[in-house]
Amino acid sequence: MKYLRKHWPFLLSAVVPTAMLAIWFVAVDWCWYVDRCDRCGTTIDVTQIRILTYPIHEEELHHGERLADRSALPDEDCQHPNFSRWLKQRWLGMVYCCCPCHNGTTGLAMMPLRRLKQAKTRSSMPAY
């Protein structure tokens with residue numbers, strides 16, 4: 001008991017910040033989701049700041065790329081029935097990037113596989 005009375009300011013100054021830091025890393029995170037509609041080619045980047053998994057702030061960045069064979073489809077007609085979402089990055093405490101942590105280009109800028117094959121075929125043709 002004497003030891004605690006004598007050293008309590010030091011113990012308090014070491015325990016409280018460590019506990020607060022641990023709570024911050026467990027409770028707060030920043031997430032980056034990528035939403036994509038395969039029907040019309042719309043891609044949305046969604047970033048969220050979450051506390052205890054509840055989003056308190058959300059931003060969306062829309063990429064309205066149109067697929068070449070579906071250019072006649074107006075935006076109003078597509079209700080995004082097959083909207084898919086995947087988690088690109090998650091930062092614990094908004095400091096440490098934990099799994100998954102996809103950096104750089106993903107999916108060749110979301111180029112459909114059919115267009116990628118056409119581009120490869122054209123580049124392999126001999127020039128006359």
Side-chain angles (χ1 to χ4, degrees):
M1 197 62 148
K2 275 185 173 180
Y3 181 79
L4 287 178
R5 279 188 213 157
K6 184 177 179 182
H7 298 291
W8 76 268
F10 171 74
L11 294 173
L12 191 62
S13 66
V15 170
V16 170
T18 304
M20 289 177 66
L21 189 65
I23 290 171
W24 174 262
F25 273 88
V26 170
V28 178
D29 66 352
W30 179 87
C31 293
W32 178 5
Y33 295 99
V34 177
D35 296 341
R36 178 161 171 78
C37 178
D38 291 330
R39 182 173 178 226
C40 68
T42 300
T43 303
I44 303 172
D45 289 337
V46 180
T47 58
Q48 294 179 343
I49 297 175
R50 305 184 312 174
I51 296 179
L52 297 174
T53 70
Y54 294 106
I56 60 166
H57 180 74
E58 180 173 306
E59 291 182 11
E60 293 184 354
L61 178 64
H62 293 261
H63 306 282
E65 296 178 13
R66 289 312 220 166
L67 298 178
D69 56 347
R70 295 183 181 104
S71 59
L73 181 69
D75 285 336
E76 298 80 38
D77 290 345
C78 185
Q79 300 297 320
H80 309 302
N82 298 326
F83 222 47
S84 61
R85 172 178 270 200
W86 62 279
L87 180 61
K88 185 171 182 177
Q89 290 184 355
R90 181 176 180 217
W91 292 72
L92 296 178
M94 296 192 300
V95 175
Y96 175 72
C97 190
C98 69
C99 186
C101 191
H102 301 280
N103 292 315
T105 305
T106 55
L108 296 173
M110 301 298 187
M111 182 183 289
L113 186 60
R114 182 176 63 249
R115 288 194 335 201
L116 181 62
K117 286 180 182 177
Q118 288 172 352
K120 283 184 179 179
T121 305
R122 280 188 226 136
S123 65
S124 64
M125 293 176 126
Y128 293 104

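This is a predicted model, so every value here is computed, not measured.
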Is [Y] reachable from [X] through a run of I, L, V, M, F, W or Y residues, each pair having side-chain heavy atoms under 4.5 Å apart?
| X | Y | answer |
| --- | --- | --- |
| Ile49 | Trp32 | yes |
| Val34 | Ile44 | no |
| Ile56 | Val95 | yes |
| Trp91 | Tyr33 | no |
| Val26 | Met94 | no |

> Can you list the residues that meet the disulfide (SG to SG under 2.5 Å) rule with Cys98, with sequence neighbours excluded?
Replying inline: none

> Any salt bridge (Lys or Arg N to Asp or Glu O under 4.0 Å) pairs touching residues 42-52, not counting sequence neighbours?
Replying inline: Asp29-Arg50

> Got a sec, which pairs hit salt bridge (Lys or Arg N to Asp or Glu O under 4.0 Å) with one end in residues 92-101, sequence neighbours left out?
Replying inline: none

> For Glu58, what residues pass the side chain to side chain contact (heavy atoms under 4.5 Å, CB included) criterion, not counting sequence neighbours?
Replying inline: Val46, Gln48, Glu60

> Does Tyr96 OH have over 12 foreign heavy atoms under 6.0 Å away?
Replying inline: no

Side-chain donor/acceptor pairs under 3.5 Å, residues 14-25, sequence neighbours excluded:
from  : atom 1 : to    : atom 2 : distance (Å)
Thr18 : OG1    : Ala14 : O      : 2.7
Trp24 : NE1    : Gly93 : O      : 2.9

> Which pair of non-hydrogen atoms, one from Trp30 and one from Thr47, has the smallest distance, and what is that distance?
Replying inline: CZ2-CG2, 3.6 Å

>> Test of understanding: with salt bridge (charged side-chain N to carboxylate O under 4.0 Å, His left out), list the residues that count as partners of Asp35, not counting sequence neighbours.
In response: Arg85

